[in-house]
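In what follows, chains are A, B, ... by sequence order, proteins preceding strands, each numbered from 1. In this text the structure is predicted, and so the values were computed from the model without any measurement.
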Amino acid sequence: MSSDSLVKGYEPSGIEERWYRYWEEKGFFDAKDKSGQKSYAIVIPPPNVTGVLHMGHALNITIQDILCRYHRLCGDNVLWMPGTDHAGIATQNVVERNLAEKGVTRDQLGREKFIDEVWKWREKSGGAIINQLKRLGASCDWKRERFTMDSGLSQAVRKVFVQLYKDDLIYKGQYIINWCPRCRTALAELEVDHEEQDSFLYYIKYPFVGSKDGLVVATTRPETMFGDTAVAINPMDDRYRGLDFDSVMLPLTNKTIPIIRDSYVDTEFGTGALKVTPAHDPNDFTLGEKHNLDRVKVIDDDGKMTEDAGEFKGMDRFECRKKALVALENLGLLVKTEPLKNSVGHCYRCKTVVEPSLSRQWFVRVAPLAKEAADAVRNGKTRIIPANWSKTYFDWLDNIQDWCISRQIWWGHRIPVWKCSECGEVMVEEVDPDRCSACGSSSILQETDVLDTWFSSALWPFSTMGWPEETDLLKTFYPTQALVTGFDILFFWVARMMMMGTRFMGEVPFEDVYIHALVRDENGKKMSKSKGNVIDPIKVIDTHGADAFRFTLAAFAAQGRDVKMSEDRVIGYRNFVNKLWNAARFTLMHLDGDTGSVSLDDDLSIVDRWILSRALATAEAVKTGIDSYKFNEAASAVYQFVWHEFCDWYLEASKPALYDKEGRARRDVSRRVLAKVLKDILIMLHPFMPFVTEEIWSIMPTVKGSIMEAGFPFDETLIDSVRNIGVEEKISYAFALVTAIRNIRGEMNIAPSAELNVSMQTPDDNEKHFIEENSSIIKNLSRLESLVVSGMGEPPASCAAAVVSGTIIYVSLKGVIDFDKEEQRLEKELEKVTKELLSVSKRLSNESFLDKAPEDVVDKVRLQKDALEDKAEKLKVNLDKIKKINL
RNA sequence: GGGCGAAUAACUCAGUUGGUAGAGUGCAACCCUUACAAGGUUGAAGUCACAGGUUCGAGCCCUGUUUCGCCCACCA
C-alpha cells in the first residue's frame, strides 16, 4: 500500500471492524494454557446477560483492555477471561415481562418450562452485550467465554455449597429478612437500596385495659400494629416510673399486649414508648426473642394484610396504612402526626419498597470467611488501589452480618439440598441423589429455592478456570494479577471473591484490585434512564470512533475521581486521532520504501537526538502510568509528546532535512528517525487506541506483522546513547529563540507568511556556533528570509528586539516597524522580568533561606537571578533606544 | 450517627517525597505557510474555598470552619 491511499481525515468506520476480525481470527487474544512466559491474567467482571453496554462498562472494559494489550506488548502470556452472569432476579424479571405481554405468568407455565424459556431467551438475546464489548475493542480470549450457569460453573457452585455446609458455615433459619413483594423473593441486606424520603411519624394511643388513658407510641408504620405483641419502655424513663398498668389494649383488635421494659428503647425518640412487631422489624425481632414474645405476621408475601389484620385482611399494606389511620382517628386514638425524614428500603432490581419479614431462609455464616478475606488485604497479599478503599473494605468485613443466600425464584442454581418425605432425612449433595440415604425411600424432594446470583459470581476467578478440576489454566493463571471494577460492587462481589478464593484455593484471587471511578454526565449527575442523561457508548463509537472514545475514558480516569463524560471531550480526542493520522501521512510521504533503522553511526542532528530521547522518556512515562494504574498520566504523557513535541516541533524542524535542503545524508537520517519515532508512538498508543494504530502500522513500510507483536518497551541501548547531556538544554534554547521571534511577529501583527530578516548578537562563541549550525532549522521554524549571527555590537536600525538567555534577537522591520507598539511590547516584557527579579531577589536576601535551604535550590535561584538581571539590562537598553526615537 | 472524597483559569480537570501553579476546551488577534482548518502561531486570564499553625519556603503537611458529593448504619 502506498501513502496515496491515506485519506486526509481519519475515518474509523469499517477499519475497526476489519481489524477486530483480523485479531480474533489470527488468535492474538488467545492465552496459552502453559507457557514459559510470565503470565498476566484478568477476569472480567461478568456483565449481566440482560445487560446493555453503559458508560460504566465502557470505562471498566477500556481499562482492562489497556492493561491486557500493554502486557501483551511486554511479551506476557495474557489471559483475559470473559463471560456473563446469569443475574437471577434481573433475568427472571425480563423473561416474566416478556411472557406477560403474551398474557402468560410463570406459575401457569411451571418451573421447568419457565426455565426453558429463560434459556431460550438467553440463546436469542443474551449475548448482545458481548458484541458491544467487541465494538470497544475488548481483547478477551473469547474462546474461553463462560456463563455462571454453565455446567462447569454449576459444578463448582455445588461443591462449594456442600463443603460450606459440611464446615457448618451454611445453615437454615428463621429470621427477619428483606422481602420484595413484587419479585416475591428474599433479598440480602446488600440488595436493598435505602432512600431517604418524607414520611410521617404517627402518635397512636394504646389504651390501658379498663381506662381512658393509655400509652402513646410513635410509629412510621401503623399498618404493622396488628402484629404488635408488646409495647416497650425504657426502665430508666421517669415518665413511666409510676406506671400501674402492665398491659395495653391493641386498638382495632381485641388483643391485650404486655408492656415490657428494656434499655434498648431510646427515651429521646417519640414518646419513649415503642410498639414491638417481632415479625416485621429486625430490632423488634431481637427484642421479641429476648422477651419471649409471639411473632405475628400481618403482611403476606404479596404485600397484603393477613387474617391477623382483622377487617383489613387482604388489603394492600399501604392502603391499609391509610385506612387504619382513619379508623384510629375516628376512635380518637390518633394523637398527632408529624413529618419525619426516614430511609426506606427498596428492592435493587425493581425499586419496590421491601418488607422486613419473618422467613425461613438459608444463610452463610460469614464471619470466619470475612476474617480471612480482610487479613489477605491486611497482609498485603492483595492490594486495593487506590488504597483508601481498604478502609471501607475492612469496615464492612469487620462488621459483617450473615449472608442470606436463598432466593424464592426459579432462575439460578437450585440449592442442592434434598429432604426425605418418609423419614425427614436432609441430604446435601454434589450429585443429585435418587433415594434417601437413610431409609432408602425414593420419595425425596429438592429444596425449591435457588442461590443468590452473587454466590456463583464469588467463585468466578477460579470456577472459570475449570475448578474443581486441577487444570493447567488454574496452575498458569491463578492467582490473577488484577481485578478492575467499580466501587459499587466492592461488597457484592470483590469481598466475596476474596472470601471464596482464600477459602477454596488457599490463595487470594488477585494481586491487585483496581477500583475505578463512576462515569457521570457532564454535570456530574449519575446517568439514569429516568433523568434522560444517558450517553450510549455505542453511539459515541459510531460517531467518533472507538479509539477516540477509549482515549477519552483513559485520559479522564484519574484515581479517586468520578469521570464526567461529555461529547465535547470525545471530539477533542477524535481530533487527536486525526492529528496522529496526519502525522503518519506526513511521515509516509517522506519514507521512501524500505527505510532502515536508526543506528549509532548516524550523523544525528540535535533535533533528532532530542526527539529520540523524548520518545524514550515518554515510553517510560506510559509504562509507569499503566503499571501504577494512573491511566490519565500515561495518556496525557503520550498526548503531549505526540502533539506538542513530535508534531509541533519535530516534524516542522525536520522539514529542511526531509526536503533535502541539507544534503542527501541528512535527509536519509531524518527519514530513519522519523520512521522510528512514529513506530514508537504507535506502540505506546496501541493499548489506548488499538484500531488506528494497527491501521497505520499496516501501512508503514518499515514494519512487519501486527502491532500486537511489536514489543514494548523499546530498544533502550540505542536511545540511551542518544540521551547525552545537554540535548534538552540546547534544544530548549533553540526553541526559545524561535518562540521569541514568533512572539514579535504575533505582537506586532506581522502576517505569518511574511519572511523576516533577523540578526542575533551573543557574547558566547558556543552559542554563536550553535545558532549557525542549526540556522536552517531556526529559519524554517520562524519563517526567516535571512539569519545573521555575530558578537555583541551596535544594534541595527528599525528593529524589534527580544532577549533569550544571553542572546539578543533583532527582527528587522524596515519601514514597517511601529515604534509605539514595540515600546509597549518591550515595556510589558520588562515589567514581567522585573517582577520575577523582585521575587527572586527577595528570597536571596533572606538570611534563613540561604542558611537552611538546600544548596542546589539556592544555586538555582542565584543563576535565575543572574539571567534575569542580564535580560532586564538588555531590554532596558533597547527600550531607551526606542524611546529616543519616539521622542 | 460513622466513614470517604472534593473545592485550583470562564468551563472540565492535572499537579509524583514542600522549592513559588499547568493542560484541554472556551475566549481574543492573525493566518487555508507544501501532514492536518478535526489545523497553525501568538495572546489575555488564577488571593490554589476560608481561618489559623508548622517551615527559610505551603496548592501540597497539621488543626478548625464552610459548601458539595458519595458510602455505611438495627433513625421506632
Quick note, A:P854 side chain, CB onward, closest among B:C71, B:G19, B:A44 is B:G19

Among the nucleotides B:A76, B:A14, B:C70, whichever has the atom closest to the side chain of A:F487 is B:C70

Taken to the nearest whole Å, CZ/A:R783 to C1'/B:G40 is 11 Å

Counting the atoms with a prime plus P, OP1 and OP2 as sugar-phosphate, which does A:K630 contact under 4.0 Å by heavy atoms, base, sugar-phosphate, or nothing?
nothing

Taking only the C1' atom of each, what is the distance from B:A6 to B:A44 in whole angstrom?
29 Å

* B:A37 and B:C31: how far apart are their C1' atoms, nearest whole angstrom? -> 10 Å

A:W643 CH2 to B:A35 P, in whole Å, measures 16 Å

From NE2 of A:H590 across to P of B:A35 the rounded distance in Å is 6 Å

| message | Check for me whether the distance between the ring centres of A:F285 and A:H280 falls short of 6.0 Å. | response | no

pair_partner(B:A28), Watson-Crick or wobble, both distances < 3.5 Å, evaluates to B:U42

Out of B:A14, B:G19, B:A35, minimum distance to the side chain of A:R585 belongs to B:A35

Re B:A76: Watson-Crick or G-U wobble partner, both distances kept under 3.5 Å, found to be none

Between A:L651 and A:N632, whichever has its closest RNA chain B nucleotide further toward 5' is A:N632

Closest to the side chain of A:E747, out of B:G15, B:C4, B:G43, is B:G43

The nucleotide from B:G5, B:G19, B:U41 with an atom nearest the side chain of A:D648 is B:U41

Query raised in the report: So what does A:S343 touch, heavy atoms closer than 4.0 Å: a base, only the sugar-phosphate, or nothing?
Result: base

Regarding the side chain of A:R843, the nearest nucleotide among B:C36, B:U20, B:U42 is B:U20

Closest heavy-atom pair, A:N578 versus A:Y10, reported as atoms and distance to 0.1 Å, is OD1-N, 2.9 Å

What about A:Y348 and A:F492, are their ring centers closer than 6.0 Å?
yes

query = Does the ring centre of A:Y573 sit less than 6.0 Å away from the ring centre of A:Y639?
reply = yes

Considering every strand and a 4.0 Å limit on heavy-atom distances, what is the contact class for A:S753: base, sugar-phosphate, or nothing?
nothing

If pairing means Watson-Crick or G-U wobble with both distances under 3.5 Å, then the partner of B:A35 is none

The residue, A:K391 or A:T739, whose nearest nucleotide of RNA chain B is more 5′ is A:K391

request  = Determine whether any donor atom in the side chain of A:R569 lies under 3.5 Å from an acceptor atom in the base of B:U12, or the reverse, and answer yes or no.
outcome  = no

TODO: Can you establish whether the number of heavy atoms outside A:K832 located under 6.0 Å from its atom NZ is more than 12?
DONE: no

Practice item. Please measure how far the C1' atom in B:A58 lies from the corresponding atom in B:C50, and state the result in whole Å. Key: 16 Å

For a quick check of understanding: with a heavy-atom distance under 4.0 Å over all strands, which category does A:H544 fall into, base, sugar-phosphate or nothing? nothing

Answer for the Watson-Crick or wobble partner of B:G52, both distances under 3.5 Å, is B:C62

Rounded to whole Å, CD1 of A:I384 lies from P of B:C4 at a distance of 15 Å

Practice prompt. For nucleotides B:A49 and B:U12, find the distance between their P atoms and express it as a whole number of Å.
Written response: 15 Å

(Q) Just to be sure I understand the rule, does A:E836 reach a base, reach only the sugar-phosphate, or reach nothing, if contact means heavy atoms closer than 4.0 Å? (A) nothing

Contacts of A:N846 meeting side-chain hydrogen bond (donor to acceptor under 3.5 Å, both in side chains) (sequence neighbours excluded), chain-then-number -> A:S848

Here the residues of residues 571-579 of chain A within 4.0 Å heavy-atom distance, strictly under, of RNA chain B are A:R574, A:N575, A:N578, A:K579

Next item on the list: Mind running salt bridge (charged side-chain N to carboxylate O under 4.0 Å, His left out) on A:D859 and A:R862 for me, showing each step along the way?
Entry: CA-CA 5 Å; A:D859 285 348; A:R862 281 209 179 98; 3.8 Å; yes

From OH of A:Y639 across to P of B:C13 the rounded distance in Å is 17 Å

TODO: Examine B:A38: is either OP1 or OP2 under 4.0 Å from a nitrogen or oxygen in the side chain of A:K8? Give yes or no.
DONE: no

Give me the distance, rounded to whole Å, that separates B:G2 from B:G57 when you measure between the P atoms they each carry. 36 Å

Rounded to whole Å, CD of A:E847 lies from C1' of B:G57 at a distance of 16 Å

Under a 3.5 Å limit on both distances, the Watson-Crick or wobble mate of B:A6 is B:U67

Taken to the nearest whole Å, CZ/A:F551 to P/B:G24 is 13 Å

*More than 12 heavy atoms from other groups under 6.0 Å of CD on A:E196*: yes

Checklist entry - Can we call the ring centroids of A:F363 and A:W403 under 6.0 Å apart? => result no

Would you measure the distance from the C1' atom in B:C4 across to the matching atom in B:A28 and give it in whole Å?
43 Å

- Task: Is it possible for you to check whether A:R569 lies under 6.0 Å from the centre of the six-membered ring of A:F556, through NZ or CZ, and within 45° of that ring's axis?
- Result: yes

task = Verify the ring-centre separation between A:Y514 and A:F631: is it less than 6.0 angstrom?
result = yes

_Please report the distance separating the C1' of B:C27 from the corresponding atom of B:U34, rounded so that it comes out in whole Å._
31 Å

Closest to the side chain of A:F849, out of B:C36, B:C56, B:C72, is B:C56

query = Under 4.0 angstrom, heavy atoms only, what part of the nucleic acid is A:L340 near: base, sugar-phosphate, or nothing?
reply = nothing

Regarding the side chain of A:N749, the nearest nucleotide among B:G24, B:G15, B:C30 is B:C30

Closest of B:G43, B:A35, B:C56 to the A:N743 side chain is B:G43

From CG of A:N780 across to C1' of B:G40 the rounded distance in Å is 13 Å

Next item on the list: Take atom P in B:A10 and the same atom in B:G5, then report the distance between them in whole Å.
Entry: 28 Å

Is the phosphate of B:A35 approached by A:K655 (side-chain N or O, under 4.0 Å from OP1 or OP2)? yes

Among the nucleotides B:G3, B:C75, B:C36, whichever has the atom closest to the side chain of A:N582 is B:C36

